[in-house]
There are 2 protein chains.
Amino acid sequence: MAAAAQYVTTENSALDAPENLPDPLPEPLIGELQLEDVMGALADPLRLTIVRKLMLESDSYDHTCGWFGFDRPKSSLTHHFKALRQAGLIRQRQYGLERRSRVRTEDLNDRFPGLLDLVASWHEA
Amino acid sequence: MAAAAQYVTTENSALDAPENLPDPLPEPLIGELQLEDVMGALADPLRLTIVRKLMLESDSYDHTCGWFGFDRPKSSLTHHFKALRQAGLIRQRQYGLERRSRVRTEDLNDRFPGLLDLVASWHEA
DNA sequence: TGCTATGTTCGAGATTACTCGTACAGACCA
DNA sequence: TGGTCTGTACGAGTAATCTCGAACATAGCA
C-alpha cells in the first residue's frame with residue numbers, strides 16, 4: 001500500500017446534520033483520497049465484509065464495532081476499522097464509550113464512482 | 001491479500017482471434033476472479049500504472065515488459081507482472097523471447113463492472 | 001467505590017510482500 | 001559458436017501487515 005494521506009480533522013458539527021454529532025475522528029479529506037490506499041483497504045475479506053455490511057444492512061444509522069458480530073479479538077477489530085478509516089472508506093464518531101462507523105458514501109461516490117457498487121455486489125467466500 | 005485462485009490454462013487458440021496466438025500463461029478463470037485479489041493487485045502504484053497504461057496507450061496490441069519504460073530491475077518487473085496476472089488483471093502470452101501483456105478487459109468488465117473505469121480515471125501521483 | 005462494557009494502545013510473533021542482485025534459459029543473428 | 005536480448009527463478013534483506021494477548025482508559029450505573 002502507498003503512504004497514507006495526512007489527516008485533518010474536519011469540523012462540520014452543524015453543517016451536515018440537524019442534530020449536532022460528535023466530530024469525526026481524524027480522516028483524509030475528499031481530495032486526499034488515494035485510489036491505491038482504498039484498494040489496499042479493500043484487499044482484505046474482513047474489511048470488505050465490514051464495508052458491505054455497513055452499506056446493505058445499516059438501516060438508519062452508524063453502528064458500533066460489536067454490531068457486526070465478528071468472532072475476533074477486540075484489538076484485531078480496532079486494527080481493521082482504523083485501516084478503513086485511514087484509507088477514507090468509513091467515518092467514525094465517538095459516542096461516549098462507543099465508536100460508531102458509517103461508510104463515506106457521498107465522498108466515495110464522488111471521487112471513485114462505481115467503487116461502492118463493486119463492494120455491494122461482492123459475494124463473500 | 002487473500003489466497004490466490006488456482007490456475008488453469010485456458011485453451012482458446014482458434015476461438016478469440018483469427019490468427020492463432022500462443023496460449024496464455026496460467027491465469028485464473030473468469031469465475032475464479034476474486035475481488036479481494038484484484039483490489040490487492042491494484043493497491044500498488046506501479047501496477048496501477050501498468051494496467052492504466054495498457055488500457056489507454058495500447059494502440060492495437062499487446063506490449064512487452066520493456067515497452068513501459070520503467071527504470072526498475074528486470075526481476076522486480078517480473079514480480080509485478082506476475083502479481084497482475086495471478087490476480088487476473090492481465091493476460092500474458094509468450095512470443096518467442098518476449099512476453100506480451102494485455103488487460104483482460106472483457107473478463108473484468110463482465111465480472112467487476114466499473115473497476116477498469118476507476119483505473120482509467122486514476123491520476124498518477 | 002467498584003463493576004461492567006466498549007474500545008484503545010502497546011508489543012511480540014508470524015506471515016506476507018517488496019526490492020534487487022545474481023545466475024540461468026531460450027530465441028535470434030552474425 | 002558466440003554474443004545479444006528478453007525475461008525467469010531463486011535467494012536474501014528489508015519492510016509492511018496480520019493476529020492476538022495483555023494492560024489500560026473511560027462512561028455508565030448500582
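Any value given below was found using the heavy atoms of this structure, including those in side chains, with hydrogens, waters and symmetry copies removed. Residue numbers begin at 1 in each chain, while the letters A, B, ... track the order of the sequences.
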Quiz item: Going from CG on A/L89 to CG on A/L115, what distance comes out if it is rounded to the nearest 0.5 angstrom?
Solution: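 These two atoms lie 7.0 Å from each other.
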Quiz item: Rounded to the nearest 0.5 Å, how far apart are NZ of A/K53 and CZ of A/F70?
Solution: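 Nearest 0.5 Å value for the NZ-CZ distance: 6.5 Å.
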If only side-chain N and O atoms of [X] are considered, is one of them under 4.0 Å from the OP1 or OP2 phosphate oxygen of [N]?
X: A/S75; N: D/dC20; answer: no
X: A/S76; N: D/dC20; answer: yes
X: A/T64; N: C/dT6; answer: no
X: A/R99; N: C/dT6; answer: no
X: A/R47; N: D/dC18; answer: yes
X: A/H80; N: D/dT17; answer: no

Expressed in angstrom and rounded to an integer, what is the separation of [X] atom [atom1] from [N] atom [atom2]?
X: B/Q92; N: D/dT8; atom1: CD; atom2: P; value: 7 Å
X: A/K74; N: D/dA25; atom1: NZ; atom2: P; value: 14 Å
X: A/E98; N: C/dA5; atom1: CD; atom2: C1'; value: 9 Å
X: B/L77; N: C/dA17; atom1: CG; atom2: C1'; value: 16 Å
X: B/F70; N: D/dT6; atom1: CZ; atom2: P; value: 16 Å
X: B/F81; N: D/dT6; atom1: CZ; atom2: P; value: 14 Å
X: B/L84; N: C/dA17; atom1: CG; atom2: C1'; value: 14 Å
X: A/H79; N: D/dG21; atom1: NE2; atom2: P; value: 15 Å

Exercise. Return the minimal non-hydrogen interatomic distance between B/W67 and B/E57, and the atom names on each side.
Key: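 Minimum heavy-atom separation between B/W67 and B/E57: CZ2-O, 3.9 Å.
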Quiz item: Closest heavy-atom contact between A/V119 and A/R52?
Solution: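 Answer, listing the atom of A/V119 first, then A/R52: O-CD, 3.3 Å.
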Quiz item: How does each nucleotide of nucleotides 25-30 of chain C score, in 5' to 3' order, for protein heavy atoms under 4.0 Å: base (B), sugar-phosphate only (S), or none (-)?
Solution: -BB---
Quiz item: Is it the case that B/E98 and B/T64 place a side-chain donor and acceptor less than 3.5 Å from each other?
Solution: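 Result is no, nothing qualifies.
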Quiz item: Under 3.5 Å, is there a donor-acceptor pair linking the side chains of A/R99 and A/Q94?
Solution: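 Yes, A/Q94 and A/R99 have a side-chain donor paired with an acceptor closer than 3.5 Å.
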Any idea which of [options] is nearest the [X] side chain?
X: A/P73; options: D/dG21, D/dG7, C/dT8; result: D/dG21
X: A/T78; options: D/dG7, D/dT19, C/dG7; result: C/dG7
X: B/C65; options: C/dT6, D/dG7, D/dC18; result: D/dG7

Quiz item: Under 4.0 Å between a Lys/Arg side-chain N and an Asp/Glu carboxylate O for B/D62 and B/R102?
Solution: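 Looking at B/D62 and B/R102, the cut-off is met.
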